[in-house]
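The structure appears below as structure tokens.
What you are looking at is a predicted structure, and each value in this text was computed from that prediction instead of being measured. Below, read A as the first sequence line, B as the second, and so on, with proteins coming before strands; counting in each chain starts at 1.
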Amino acid sequence: MAYDGSRDYGGGYDDSYDDRPEFRDGFRDLLPPEPGFDTSTYVPDVVKTFVVYLYRHIREKNVYEIHQMYEGSFQKLSDRLFKQSNWPHVDMIAPYVENDHVFCLLYKEMWFRHVYARLQPTLEQRCDSWDNYCNLFQVILHGNVNMQLPNQWLWDMVDEFIYQFQSFCQYRAKLKQKTDHELAVLRQIDEVWNVVGVLNYLQALIEKSMILQILEEEKEGNVTFTATDGYDYHGGTNVLKVLGYFSIVGLLRVHCLLGDYHSGLRALSPIDINQPGVFNTVIGCQITTIYYYGFANLMLRRYMDAIKSFNQVLLYIFKTKQYHQRSSQYDQILKKNEQMYALLAICLSLCPHPKLVEENVNNQLREKYAEKMLRMQRSDEAMFDELFSYACPKFITPSPPSYDEPLVNFNQDAYRLQLKLFLSEVRQQQLLSSIRSFLKLYTTISVAKLASFMDVDEPTLRVALLTYKHKTHVINNDGSVLSNADVDFYIDDDMVHIADTRVTKRFGDYFIRHIQKVPDVCTLSLL
Amino acid sequence: MPGAQAQPPQQPIYTIEQLVALNPYNPDILPDLESYVDEQVATQTYSLDCNLCLLRLYQFQPARMNVHIIIKVLVKALMALPATDFNLCMFLIPERLQMEETFLTLATLAHFLETSRFREFWDEANRNRDILEVVPGFEQAIQGYAIHVLSITYQRLPRSILAEAINVEGLSLDKFLEHQVNNNGWALEKGGKVVVLPLNEDNQPVLRRNTADSIPLEHVAKILPVLV
């Protein structure tokens with residue numbers, strides 16, 4: 001059912017939901033209902049007014065108010081009344097919102113999200129949530145919604161959709177504790193949270209919204225999308241476009257969870273993460289984008305790209321995290337922050353480039369990981385294992401298991417494979433850091449002498465030098481070669497010539513800056 | 001024309017690449033992708049995206065996995081070195097399959113190549129000709145990779161090292177060197193004992209070091225108003 005923003009409600013319904021008297025004192029006047037109240041029969045008054053106001057604001061396309069209610073009031077009510085229980089069932093609140101079909105889908109989306117966040121979803125709830133997402137996306141894809149929703153909510157939809165998919169794969173893979181009933185149901189529900197279904201919904205949102213064409217045309221200046229943060233100021237709807245945009249990030253994430261880093265990065269390519277974009281408008285989206293982008297580059301051995309992107313977002317979090325302290329996302333932000341420091345530590349141990357890291361980020365990094373980085377630089381594999389395991393995404397096995405074999409838990413399989421391949425890469429790079437430290441000491445040295453210093457024979461050294469070159473030179477998509485190395489060399493028959501690419505200190509800029517200040521100093525002194 | 005029948009609507013014929021670009025998450029294209037692998041082998045072409053798409057679909061439906069096709073994909077990926085394609089494929093192949101003998105062999109070969117142990121690589125490759133001969137062009141591709149690594153490392157290298165890296169000796173090596181000298185800017189010194197490789201950005205890093213303190217014109221322009 002389409003929302004028609006032109007309906008007039010009269011009577012001056014401009015007051016914000018949160019300005020109502022009972023909320024002004026921070027819920028002090030609200031008494032929680034008697035313990036043990038049954039949400040299937042009783043809807044607290046505050047919830048009634050909540051849905052009524054939310055429904056109204058959505059119809060009026062009052063994005064600011066929707067955001068306040070979604071971000072603020074929903075959390076407050078959950079904390080106060082539903083800490084350990086479900087919100088009232090959708091059928092109970094439907095009468096207050098004229099049984100509006102789309103609103104009920106949105107309400108259920110929030111309802112299930114609450115279950116996943118605070119409680120443990122049952123198998124039936126997982127299935128119902130899948131159905132709800134299917135219905136919701138179908139409605140949106142058929143172009144039947146004329147709403148404007150806050151970007152935060154739209155991002156949360158995509159984010160939660162993938163999170164529930166991930167959670168289902170993990171749940172399904174733990175076969176040992178399943179009851180017979182659960183196994184019987186699982187056998188029959190191949191479609192529910194099927195990986196092909198999930199990917200196709202994301203793909204459909206991207207295609208139907210034509211977001212790729214919009215982003216292309218924006219570069220030519222024909223449309224505005226980023227400039228308005230994705231919102232439509234001409235009375236239209238932002239829902240499909242912005243969902244399409246966020247689905248690009250969603251595809252990156254799903255591909256990484258499957259171990260397909262190359263395709264993930266390709267999926268992300270329409271978004272230029274070095275330019276401001278709609279992904280910056282929601283901090284959760286920005287963090288997710290950079291986290292998976294950086295992780296994918298790490299697995300592809302493109303350490304410089306990973307370091308630069310981690311540095312950028314860690315600096316941003318450092319500067320702005322105090323503003324998010326009240327947000328429900330705060331814990332998630334902190335967790336990803338810590339994980340990205342760990343990944344940055346890994347990248348810098350494999351590819352030392354201290355100049356790429358900003359001062360504040362560097363200080364935080366030293367504080368958390370100085371000793372561990374030293375050990376990683378000495379090829380301590382256990383340390384790599386520890387940090388990787390802490391910081392990596394929760395990989396998934398996308399296919400349903402065979403329910404007949406002896407029932408084992410295989411939810412760790414995907415993670416173990418990625419870890420194993422990562423560690424074998426680390427092992428291949430073992431000699432690199434000692435080569436690097438020797439090379440820094442000389443400008444020229446014979447192969448024979450270097451071999452004796454490193455306590456290996458000449459052929460082994462030549463092989464190690466070739467490996468150093470191979471590992472530090474990355475092949476770009478267009479086939480060109482890019483060097484990651486801070487210390488580089490070439491071999492002339494049996495002499496190694498080293499070039500340390502240390503930047504000589506630039507005095508020119510310093511003098512220019514101060515020359516420019518001279519007139520101001522002069523005028524000040526004349527006063 | 002009497003009784004003219006309507007032309008059947010033209011079915012758009014998509015190439016495999018287009019299919020993968022438009023509709024990659026559709027298990028129905030799996031047979032097309034499999035035959036495309038055989039086509040890549042036969043025509044000595046290669047498409048990373050299509051092969052990754054295939055491995056992904058195998059991940060979604062393990063029952064349809066065809067081990068022989070996967071092996072061909074891996075051999076093709078090895079031939080793509082120095083690109084990291086082999087690793088990308090391995091990320092998508094279940095661990096249990098990677099424990100099988102052929103896969104262990106391929107992983108060992110990849111390991112030797114990634115760590116530039118060319119002598120060990122050619123020895124192991126010789127022992128496993130049956131796996132590798134399936135894909136024509138394998139030897140040339142690996143030789144190309146070896147030359148790439150040597151080119152970014154050496155300006156001048158002993159002939160013996162080249163011989164070991166590309167597994168060519170004696171008269172064949174002479175012929176090979178002659179071809180490179182005539183076509184690719186190589187040179188020989190010391191009566192053929194030392195090979196001189198053409199200079200490129202990577203085997204003379206000195207060129208890339210930041211030259212000292214040059215100031216761009218725009219910055220100087222900024223202070224002209226002050227000086228004048």
(request) Check the surroundings of atom NZ in A:Lys394: do more than 12 heavy atoms from other residues, nucleotides or ligands lie under 6.0 Å from it? (result) no
(request) To the nearest 0.5 angstrom, please state how far the CD atom of B:Glu114 sits from the CD atom of A:Gln429. (result) 9.0 Å
(message) Heavy-atom pairs under 4.5 Å with chain B - which of A:Val481, A:Val195, A:Asp494, A:Leu431 has more of them than the others?
(response) A:Val195
(request) Output the distance between atom CZ (A:Arg416) and atom CD (B:Glu95), rounded to the nearest 0.5 Å. (result) 6.0 Å
(request) Just say parallel, tilted or perpendicular for the rings of B:Tyr25 and A:His255, cut-offs at 30° and 60°. (result) tilted
(message) Apply side-chain contact (heavy atoms from CB on, under 4.5 Å) to residues B:Phe118 and A:Leu466 and explain how you reach the verdict.
(response) CA-CA 10 Å; B:Phe118 293 110; A:Leu466 284 175; 4.2 Å; yes
(message) Show the nearest heavy-atom pair for residues A:Ile475 and B:Ala83, with the distance to one decimal.
(response) CG1-N, 4.3 Å
(request) Might you confirm whether atom CZ of B:Arg96 has over 12 heavy atoms from other residues, nucleotides or ligands at distances under 6.0 Å? (result) no
(request) Select, from B:Asp49, B:Leu157, B:Asn87, the one with the greatest count of heavy-atom pairs under 4.5 Å involving chain A. (result) B:Asp49
(message) Between A:Asp493 and B:Lys190 (salt bridge meaning N to carboxylate O under 4.0 Å), is one present in this structure?
(response) yes
(message) Looking only at the side chains, is there a donor atom on one of A:His262 and B:Asp85 sitting less than 3.5 Å from an acceptor on the other?
(response) no
(message) Within this structure, what is the OH-CG distance for the pair A:Tyr490 and B:Leu197, rounded to the nearest 0.5 Å?
(response) 13.0 Å
(request) List the atom of B:Leu22, the atom of A:Gln203, and the distance in Å for their closest heavy-atom pair. (result) O-NE2, 3.8 Å
(message) Can you tell me which portion of A:Gln428 sits under 4.5 Å from chain B's heavy atoms? Options are side chain, backbone, both or neither.
(response) both
(message) Between A:Arg266 and chain B, with a heavy-atom cut-off of 4.5 Å, which part of the residue counts as in contact: side chain, backbone, both or neither?
(response) side chain
(request) May I ask you to decide if B:Phe60's main-chain N or O and A:Ser399's side chain share a donor-acceptor pair within less than 3.5 Å? (result) no
(message) Looking at every non-hydrogen atom in both residues, tell me the closest pair between A:Ser263 and B:Leu52 and how far apart they are.
(response) OG-CD1, 4.1 Å
(message) What's the separation between atom CD1 in B:Ile93 and atom CG in A:Leu417, rounded to the nearest 0.5 Å?
(response) 9.0 Å
(message) Under a 4.0 Å threshold between the charged nitrogen and the carboxylate oxygen, would B:Glu164 count as salt-bridged to A:Arg462?
(response) no
(message) Can a donor-acceptor pair be found, under 3.5 Å and without considering hydrogens, that links the side chain of B:Gln59 to the backbone of A:Leu258?
(response) yes
(request) Show the numbers, then the answer: is there a side-chain contact (heavy atoms from CB on, under 4.5 Å) between B:Arg156 and A:Ile491? (result) CA-CA 7 Å; B:Arg156 288 154 63 229; A:Ile491 308 181; over 6 Å; no
(request) Among the options B:His111, B:Arg117, B:Gln61, B:Arg119, pick out the one with the most heavy-atom pairs lying under 4.5 Å from chain A. (result) B:His111
(message) Can you tell me how far apart NE2 (B:His148) and NE2 (A:His473) are? Round to the nearest 0.5 Å.
(response) 8.0 Å
(message) Aromatic contact between A:Tyr261 and B:Phe91, with the criterion being ring centroids under 6.0 Å apart: yes or no?
(response) yes
(request) Please answer whether the main-chain N or O of B:Ile152 pairs with a side-chain N or O of A:Lys469 as donor and acceptor at a distance below 3.5 Å. (result) yes
